[in-house]
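The structure appears below as structure tokens.
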Amino acid sequence: MVSTRETELLARVPDGLYINGTWQQGGGKAIEVTDPATGAVLKRIANADAADGIRALDAAVEAAESWAATAPRTRAEILRRAFDLLQERRDDFALLMTMEMGKPLAEANGEVTYGGEFLRWFSEEAVRISGRFGLNPEGTGTMVVSQYPVGPCLLITPWNFPLAMATRKIAPALAAGCTVVVKPAELTPLTTLFFVQLLEDAGVPAGVVNVITTSTSSAVAGPIIADPRLRKLSFTGSTPVGRKLIQQAAQGVLRTSMELGGNAPFVVFEDADLDKAVEGAMLAKFRNIGQACTAANRFIVHESVAAEFARRLTERVGALKIGRGTEAGVTIGPLVSEAAVAGTDALVQDALAHGATLLAGGKRPEGAGSFYEPTVLTDVAPASALLTEEIFGPVVGIVTFADEAEGVRLANSTEYGLISYVYTQDVARGQRMIAKLETGMMGLNTGLVSNAAAPFGGVKQSGLGREGGLEGIQEYLSTKYTLIPVS
């Protein structure tokens, strides 16, 4: 049941497209945004068509020259004001995310903190864009290396972290002097609409940020990507969709950033501190109800400690409370949709059919909402889809290994390479894992690595480019080299 506070908050969330500083209606039939915990409609919002998408790009192109020429300090101060406003409104943003995405309120508050840090970090990076100047090695001329905004950008964000994924893309783009068109996920667009209202309050000029919500993503994004005025595409989502977008972007030779799927190994060696490993597993697997590209997907545990690790983890999983994220004590909210429940259950049933042992969960609970019980499986067979597909649900699948070489082989036996987790008390082994595991990120004796000051991204089929850190703003800058001959 929606509370009075929730009703009042939803009334303050815009329901239109945000183009050139104004709220507008779209050309398509209204989108219904639902609460995954109840199935109830939260709000109806505008639905952009292809023409709306091009109008948003028109606005971004028109504002590009002025925004690029805006002083870095001015851009920085706007982002810092946005950070401050987000802190003032954090309770509203946390509640809104819980309502439209389902995550527990405590986790939604954590996302406000995390998402806000991108605004603060890139407000500081905006004034540190630099180049270099010096004599060339031959002594025949002076080399000038300078950096400029890459140009208008299309930013496509996912549904699972509706605030943090928006700030992680918008903040570096604005800091670099780029204008943007943002297309949030159809399932969780309300947070982005609420956030762009905040950006307007922070002083972002008309046309610099434009938001289009749509139920026909490819039809709307396709013409924007094909438009020669667009110069950058950033996408977070599945690998299959990412591949298609890269193909489309290749026609215009666009700069691309792709944060795609994951199949993260969680490797527990025989010398691991099991208490810390279990704690890390709870963070790496069950945060965001397992719906994160960084979620631990394959638990690869040394055979000498596997049984005890599974016992302790199952005990912790049994204490998790399922429910709507606004309810006191809830630690596992709903999955984002009924399709997500069906997909998660299919992976569990396939693993059981291949001989896995069920220690906890394994089904959806009775009642309304797209919930799935936190699940622990051991003896997962190599042929199980659970080990090859990204789960995106609260499911642990445990396999065992006999020695370090086998553990590394199992960890690397995937087309993905976003993140890995390793638990060992052997410092030398930890160093070896940094070198040997084929991932763009790694948590050594920790189950949570994301930080605005760190470069986020993967290798292999998990994508290209980096978001966050010193590297994040470079994705939105082009480099120019000029030679001035010695007279």
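This chain uses plain numbering: 1 for the first residue, then up along the sequence.
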Give the intermediate values and the outcome of salt bridge (charged side-chain N to carboxylate O under 4.0 Å, His left out) for residues R409 and E404. CA-CA 9 Å; R409 179 183 63 79; E404 183 176 307; over 6 Å; no
Counting N and O atoms only, with roles assigned by atom type, does the side chain of [X] sit under 3.5 Å from a partner on the main chain of [Y], one being a donor and the other an acceptor?
X	Y	answer
K43	V13	yes
Y476	G151	no
N263	L387	yes
T375	V395	no
E270	V305	no
T239	G261	yes
T400	E303	no
Q291	V336	yes
D227	I54	no
T314	A310	yes

May I have the list of side-chain donor-acceptor pairs in residues 187-196 shorter than 3.5 Å, sequence neighbours left out?
| unit_1 | atom_1 | unit_2 | atom_2 | d |
| --- | --- | --- | --- | --- |
| T188 | OG1 | W159 | O | 3.1 |
| T191 | OG1 | E100 | OE2 | 2.5 |

Note: [X]-[Y] ion pair, threshold 4.0 Å (strictly below):
X	Y	value
E327	K321	no
R311	E308	yes
R466	E259	no
R287	E107	no
R298	E390	no

Could you list the donor-acceptor pairs under 3.5 angstrom formed by side chains in residues 435-448, with sequence neighbours left out?
| unit_1 | atom_1 | unit_2 | atom_2 | d |
| --- | --- | --- | --- | --- |
| E438 | OE1 | K460 | NZ | 3.0 |
| T439 | OG1 | S420 | OG | 3.0 |
| T439 | OG1 | M441 | O | 2.8 |
| N445 | OD1 | T424 | N | 3.0 |
| N445 | ND2 | T424 | O | 2.9 |
| T446 | OG1 | L448 | N | 3.4 |
| T446 | OG1 | L448 | O | 3.4 |

Among L347, T414, N297, D350, the one residue meeting side chain to side chain contact (heavy atoms under 4.5 Å, CB included) with E389: L347
The complete set of side chain to side chain donor-acceptor pair (under 3.5 Å) pairs with one or both residues in residues 358-370, sequence neighbours excluded, reads E338-R364, K363-E373
Between F118 and F122, how do the two ring planes meet: parallel, tilted or perpendicular, split at 30° and 60°? parallel
With sequence neighbours excluded, residues passing side chain to side chain donor-acceptor pair (under 3.5 Å) with [X]:
X	result
S337	none
R316	E279
Q197	none

Partners passing side-chain contact (heavy atoms from CB on, under 4.5 Å) against A37 (at least two apart in sequence or in another chain): D35, R324, P334, F371
For L17 and V211, what are the C-alpha separation, side-chain angles and deciding distance, and is it a side chain to side chain contact (heavy atoms under 4.5 Å, CB included)? CA-CA 6 Å; L17 312 177; V211 177; over 6 Å; no
Measuring only between side-chain heavy atoms, which start at C-beta, is [X] closer than 4.5 Å to [Y]?
X	Y	value
T294	L418	yes
V181	L155	no
L233	I156	yes
V182	I212	no
S217	K183	yes
M101	I289	yes

Considering residues at least two apart in sequence or located in another chain, which fulfil the ring pair (Phe, Tyr, Trp, His ring centres under 6.0 Å) criterion with [X]?
X	result
F299	F266
F456	none
F235	none

What are the two closest heavy atoms between [X] and [Y], and how far apart are they?
X	Y	answer
A185	P158	CB-C, 3.7 Å
A46	G26	CB-N, 3.7 Å
P374	V317	CB-CG1, 3.5 Å
G362	V348	CA-CG1, 4.2 Å

Value rounded to 0.5 Å, distance of [atom1] in [X] from [atom2] in [Y]:
X	Y	atom1	atom2	answer
L154	I225	CG	CD1	5.5 Å
M99	T326	CE	OG1	8.5 Å
T157	I170	OG1	CD1	7.5 Å
L320	T331	CG	OG1	4.0 Å

Pairs meeting criterion salt bridge (Lys or Arg N to Asp or Glu O under 4.0 Å) with involvement of residues 244-255, two or more places apart: none
Polar contact flag, side-chain donor to acceptor under 3.5 angstrom, [X]-[Y]:
X	Y	result
D273	Y423	no
K29	N47	no
E475	S257	yes
T98	K103	no

Which residue pairs satisfy the ring pair (Phe, Tyr, Trp, His ring centres under 6.0 Å) criterion with at least one member in residues 302-354, sequence neighbours excluded? H302-F401
Derivation of the side chain to side chain contact (heavy atoms under 4.5 Å, CB included) call for T357 and L359: CA-CA 6 Å; T357 301; L359 299 186; 4.1 Å; yes
Under the side chain to side chain contact (heavy atoms under 4.5 Å, CB included) criterion, do L477 and V150 qualify, and how do the steps go? CA-CA 5 Å; L477 293 168; V150 71; over 6 Å; no
Candidate pair V267 and V408, rule side chain to side chain contact (heavy atoms under 4.5 Å, CB included), full reasoning: CA-CA 9 Å; V267 186; V408 170; over 6 Å; no
